[in-house]
Amino acid sequence: MVEHHPLLYADLADPLALLQQDRREPTELSKFWHYNAETDEKTATAYSQLMVSSQAMVAREALAAYPFARHRRLLDMGGGHGAFVGAVAEACPALELGVFDLPPVLAGAKLNPRIARHPGDFFATPLPEGYDCITLVRILHDHDDSAALKILQAARLALPPGGKLVIAEPMAGVRGAKAMGDAYFGMYLWAMNAGRPRTLEEYREMGLAAGFSGFQQRRTAMPVIASMVVLSN
């Protein structure tokens, strides 16, 4: 958090100007965080390593809130260098695991040999099938509504009947955590020029719009770090 806050503080030097600015205009945060399939491996690795440094606490919350071991195969969408799925690997030794992310991201990843690599773009590449659980860890709140809905639809299409999509990230409207979920992350994502924190009800509605049939909230010990939603196919 400390490492990338100087970028946020630069964007907040004139907060009123930031709020009035066209979100298509670049900011310090957006220039660092936004990358795509054409991004070079060095830049993608810098981004992914920064994510790795803060992923352990999110993984701890998720593993305590959801029994991943009940599944046979788990795919982590946008899993970067595998920090989350690596924690799942330690906790669930019988679970088959995979990571789906952009080619330049996976090229720089040093993954556990039992974790399959699936390079692709979830806006353009169909997800691999055969996984009965898909996870989205701190992914959806980085995307605007239309893009987030496409991600949900891609996950639903890849899951078998009865499969689960597990979403873990800071959310808006969480009792006792509104200052972080609504205000801090709201301003952070505004400065990043994409995404927004969403409420549990918004995720329920988006899940239904994407074609999921079931919705469940899973309570975490520290919702300020990660709240959890499970969608059923």
Could you go through V85 and N112, starting from their C-alpha distance and side-chain angles, then the distance that decides it, and tell me whether this counts as side chain to side chain contact (heavy atoms under 4.5 Å, CB included)?
CA-CA 9 Å; V85 79; N112 184 314; over 6 Å; no

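- At least one side-chain heavy atom of V105 sits under 4.5 Å from a side-chain heavy atom of H81.
- One finds the NZ atom of K150 at 7.5 Å from the CZ atom of F123 (value rounded to the nearest 0.5 Å).
- Remark: of the listed residues L7, D142, T27, D11, D142 is the sole one forming a side-chain contact (heavy atoms from CB on, under 4.5 Å) with M192.
- The main-chain N or O of E202 is never found under 3.5 Å from a side-chain atom of E205 such that the two would form a donor-acceptor pair.
- Side-chain contact between L102 and P119: absent, with no pair of heavy atoms (C-beta onward) separated by less than 4.5 Å.
- Here the CZ-CE distance, from R60 to M57, works out to 8.0 Å after rounding to the nearest 0.5 Å.
- Checking R73, H71, R114 one by one against E96, the side-chain hydrogen bond (donor to acceptor under 3.5 Å, both in side chains) holds for a single residue, R73.
- No side-chain heavy atom of N193 sits under 4.5 Å from any side-chain heavy atom of R24.
- Within the 4.5 Å cutoff, the side chain of L111 has heavy atoms near those of the R117 side chain.
- Cluster annotation: L74 and M77 are assigned to distinct hydrophobic clusters (Ile/Leu/Val/Met/Phe/Trp/Tyr, side-chain heavy-atom contacts under 4.5 Å, transitive).
- Between S232 and K164 there is a side-chain heavy-atom pair separated by less than 4.5 Å.
- Using modelled atom types, no side-chain atom of R156 and backbone atom of F212 make a donor-acceptor pair closer than 3.5 Å.
- Between the side chain of Q217 and the backbone N or O of V229, no donor-acceptor pair lies under 3.5 Å.
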Determine, step by step, whether H118 and T125 satisfy the side chain to side chain contact (heavy atoms under 4.5 Å, CB included) criterion, reporting the C-alpha distance in whole Å, the side-chain angles of both residues, the deciding distance to 0.1 Å, and the verdict.
CA-CA 10 Å; H118 299 283; T125 311; over 6 Å; no

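- Minimum interatomic distance between Q21 and P26 (heavy atoms only, all atoms of both residues): NE2-O, 3.8 Å.
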Go through the steps to decide whether L140 and I151 satisfy the test side chain to side chain contact (heavy atoms under 4.5 Å, CB included), and finish with yes or no.
CA-CA 8 Å; L140 288 178; I151 293 171; 3.8 Å; yes

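- The nearest pair of heavy atoms linking P160 to N233 is O-ND2, 3.3 Å.
- Using a 4.5 Å heavy-atom cutoff, the side chains of L208 and L231 are not in contact.
- From I139, atom CD1 reaches atom CG of D76 across 7.5 Å, with rounding to the nearest 0.5 Å.
- The heavy-atom pair separating F84 from T135 by the smallest distance is CE2-OG1, 3.8 Å.
- No side-chain donor-acceptor contact under 3.5 Å links T220 to the backbone of A65.
- Between H143 and F122, the ring-plane angle classifies as perpendicular under the 30° and 60° cut-offs.
- Heavy atoms only, all atoms of each residue included: I134 and A155 are closest at CD1-O, 3.7 Å.
- For D101 (side chain) and L106 (main-chain N/O), no donor-acceptor pair under 3.5 Å exists by modelled atom type.
- Under 3.5 Å, the side chains of Y188 and H141 contain no donor-acceptor pair of N or O atoms.
- Ion pairing between a basic and an acidic side chain is recognised when a charged N comes within 4.0 Å of a carboxylate O; D145 and R196 show such pairing.
- Under the 3.5 Å distance criterion, with hydrogens and angles disregarded, a donor-acceptor pair is assigned to the side chains of E169 and Y203.
- Between R72 and L95, every side-chain heavy-atom pair lies at or beyond the 4.5 Å cut-off.
- Taken to the nearest 0.5 Å, the OG atom of S227 stands 6.5 Å off from the CG atom of L200.
- Between the side chain of D132 and the backbone N or O of L159 there is no donor-acceptor pair closer than 3.5 Å.
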The test is side chain to side chain contact (heavy atoms under 4.5 Å, CB included); show your working for L18 and M187 and say whether it passes.
CA-CA 10 Å; L18 175 67; M187 183 62 77; 4.2 Å; yes

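- By the 4.5 Å heavy-atom criterion applied to side chains, L165 and L136 are counted as neighbours.
- To the nearest 0.5 Å, atoms CD1 (I167) and CZ (R138) are separated by 15.5 Å.
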